[in-house]
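To find a chain, count down the sequence lines: A is the first, B the second, and so on, and within it residues start at 1.
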Protein chains: 2
Amino acid sequence: MIDERDKKILCAVVQSYINSPDPVGSRFITKKYAFSLSPATIRNIMSDLEEMGFLSQPHTSAGRVPTDKGYRFYVDFLCSEEYQADNRTFVYELTRELESIKNDIDILLSETTRRLSNFSHYLGVALSPKAGIATFNRIKLMKYRGNQVVTILLTDEGLVKNKIVDVDFELSQRDLNRISSYLNSEFYGSTLEDIRLRIIREMAEEKILCDTLISRAIRICREALSFQYGDIFISGFSEVLGLPDFSDIERIKEISKAIEDKHLIIKLLDKLSKSEGIQIIIGSENSAVEMKKFSVVASTYKEGNKPIGSVGIIGPTRMDYSKTIAMVDIAARFLTGIVSGNR
Amino acid sequence: MIDERDKKILCAVVQSYINSPDPVGSRFITKKYAFSLSPATIRNIMSDLEEMGFLSQPHTSAGRVPTDKGYRFYVDFLCSEEYQADNRTFVYELTRELESIKNDIDILLSETTRRLSNFSHYLGVALSPKAGIATFNRIKLMKYRGNQVVTILLTDEGLVKNKIVDVDFELSQRDLNRISSYLNSEFYGSTLEDIRLRIIREMAEEKILCDTLISRAIRICREALSFQYGDIFISGFSEVLGLPDFSDIERIKEISKAIEDKHLIIKLLDKLSKSEGIQIIIGSENSAVEMKKFSVVASTYKEGNKPIGSVGIIGPTRMDYSKTIAMVDIAARFLTGIVSGNR
DNA sequence: TATTAGCACTCTGATATTGAGAGTGCTAAA
DNA sequence: TTTAGCACTCTCAATATCAGAGTGCTAATA
């Protein structure tokens, strides 16, 4: 088993590797940390830790490097401790500079991720509020250029979605008003996802659609709901290029491929958002192959008590977890505050 | 002066360098192109071309590489010729797959740039319609959660912009309707830029604002107009990573820095959109330092006869100009068709 | 029994050396 | 004006060398 002393040494190794990306040797540990042990002893312990899978050697006669399991141990250990990094400037920037854009969630998120990446030097990511669980507030239809209708959909959470819909039948603004008041009374208080499902169901049971007004209402509403459900914001690519972890071209291609496929990251964040609090995934713990060399720290922001979106940081497994966790936590709380304060 | 034969050899050099990124030597030219001249003669000519600034040598005893001036000559020559690459699949993809999203200009542009980058292996870029020159069609105001107002602004061009505005005074929906009908009659047919200027002017002359209704109308309208004016779409970063031109890390940092600063590219495209037709900027011809190692091929798409946005390709100076020009042209015509057909 | 000093061994990474290959410029001949 | 011939230059890849850092093992020590 791993005893107290081993733990401390493991953490020391992880920490100094995080600090600078050179494999750490036994002598270095004795010098940097006051364990009052000789290098030889440290070597023995490190050898044990390697056997247990926490450390590995890039080659014989190099120092040790943490494995993903090693990082995992370190992070779990961290979380059981009090940590406090100095994030005052970060908090300050978020609150001072972004408070004013609270009404535009997209800009808010993109600015937040930008600051996350600026301060962390990793990728900042955020998932916009999930439209599916948003609550229908009202829909407004406006006649527009020829046979087009502009639909405007409001939710209780502050989402405003508009869509231009082509209709193949003649409709007056009065018809549209009737249609929208039908939809408003019919759907008020439902979630968009429920509405979507209900529409699909009702369209299947074609008989109901005999009533032209209702039929048209449903068709327009379906279009109005057909926007992209989860939008993702990623920023900081040029930040990660500066990291020593991305000094060779293959790694760069890897991460750019991972970013490219936004769908992948949306899915990932979405999965993480199912759980409460800060979620951490380290390297190979990722289910997607593309992400197996990166770590993800993510949390959710809420409207009231309902988690509506995610925010996080993606970086190399050799990541300053302590700082990263703190920053993601701050960002999540900040967003929650803004979004919830908007009612 | 440069005679006909020199021209042909220059073009041959540029072409084979574009074809593969090795400095091209005299022997190679004699073999690949049927000039019925010996390598020695070619050498003399190439030496002349170097003196004239069209070619350069990476080092003594390497082949020649085109300078930016060389590319420029080649491109100008190209443009005077008939060229026709096979872009049928590209055209097909654009028309078949994107016709259906004609009502959502943002998605349309992002999908178009994606395809541009897929087919060209360079960066695809597009500038969304300039809101400034768009024509005010109508504004709609809706009361929303407490003291908020949702503004929806429509333009003749199919732009729909919404904004949540905090108001610090009590307003009924009836008040809002009055305000919007005031704004609608006041601004109908003006461009958004004119409206913006007028609002600034009127707010400066405070006396006019004695009338509370008008004063509030103006304030709300100002907010409604305060969205981001030019949005840019860039895609294909992982495409360029595959190019031999970006096989070293410094080049990658350069281009990622250039992309990072979207503002820069917006300005660039905006400037290019002042002229008619396909615009080509090669390397050092760029005014911005960050872009001096890249080439830009851009055109505008129009609504009717009015250019409203830009589309283009950014890549290394060693670019397949012929193909690129054709693709940008196709994309611009395609977008023009969609946008203009929407009325 | 746990720790440590000593030492041989291993692997990396920087530096220097070499030689083939490709291409040039120049000169003199056609 | 064009071309053959040739000496010269530069790159790039392969190879050798060597200091430095770190390990593992053994035997001595507390």
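- Remark: side-chain polar atoms of A/N87 are not paired, donor with acceptor, to backbone N or O of A/M327 under 3.5 angstrom.
- Picking from D/dC6, C/dC11, D/dT2 the nucleotide with the shortest atom distance to the side chain of A/T60 gives C/dC11.
- Distance A/L49 CG to D/dT23 P: 12 Å, rounded to the nearest Å.
- With distances taken from any side-chain atom of B/H59 to the nucleotides C/dG25, D/dT23, D/dC10, the minimum falls on D/dC10.
- At D/dT23, one or more side-chain N or O atoms of A/S26 fall inside 4.0 Å of OP1 or OP2 (strictly under the cut-off).
- In this model, no side-chain donor or acceptor of B/S61 finds a partner on the base of C/dT24 within 3.5 Å.
- Scanning atom types as modelled, one donor and one acceptor separated by under 3.5 angstrom connect the side chain of A/R43 and the base of D/dG24.
- Under the side chain to side chain contact (heavy atoms under 4.5 Å, CB included) rule, A/I249 has a single partner from B/I249, B/D248, B/I252, which is B/I252.
- With the nearest nucleotide of DNA chain D identified for both A/A40 and B/R5, B/R5 has the one nearer the 5' end.
- Both B/P58 and B/I42 sit near DNA chain D, but only B/I42 has its closest nucleotide nearer the 5' end.
- Rounding to whole angstrom units, CD of residue A/Q57 and P of D/dG22 are separated by 12 Å.
- Counting only N and O atoms by type, the side chains of A/Y122 and A/S295 include no donor and acceptor under 3.5 Å apart.
- The distance between atom CG of A/L37 and atom C1' of D/dT29, rounded to the nearest whole Å, is 16 Å.
- Comparing D/dT23, D/dT3, D/dT11 by their closest approach to the side chain of A/M46 singles out D/dT23.
- Residue B/R64 places at least one side-chain N or O closer than 4.0 Å to OP1 or OP2 of C/dG25.
- Within the structure, a side-chain polar atom (N or O) of A/T41 is placed less than 4.0 Å from OP1 or OP2 of C/dT4.
- Between B/K31 atom NZ and C/dG23 atom P there is a gap of 10 Å when expressed in whole angstrom units.
- One interatomic measurement links the two molecules: CG of A/D248 to P of C/dG13, which rounds to 12 Å at whole-angstrom precision.
- Rounded to whole Å, atom P of D/dC25 lies 12 Å from atom CG of A/D48.
- Distance, A/I9 CD1 to C/dA2 P: 15 Å, rounded to whole Å.
- Summarising the geometry, the separation between OH on B/Y17 and P on C/dG23 is reported as 14 Å, rounded to the nearest angstrom.
- When the options A/Q15, A/K7, A/K69 are evaluated for a side-chain hydrogen bond (donor to acceptor under 3.5 Å, both in side chains) with A/Y74, the one that passes is A/Q15.
- The number of heavy atoms from other shown groups lying within 6.0 Å of CZ (A/R251) is above 12.
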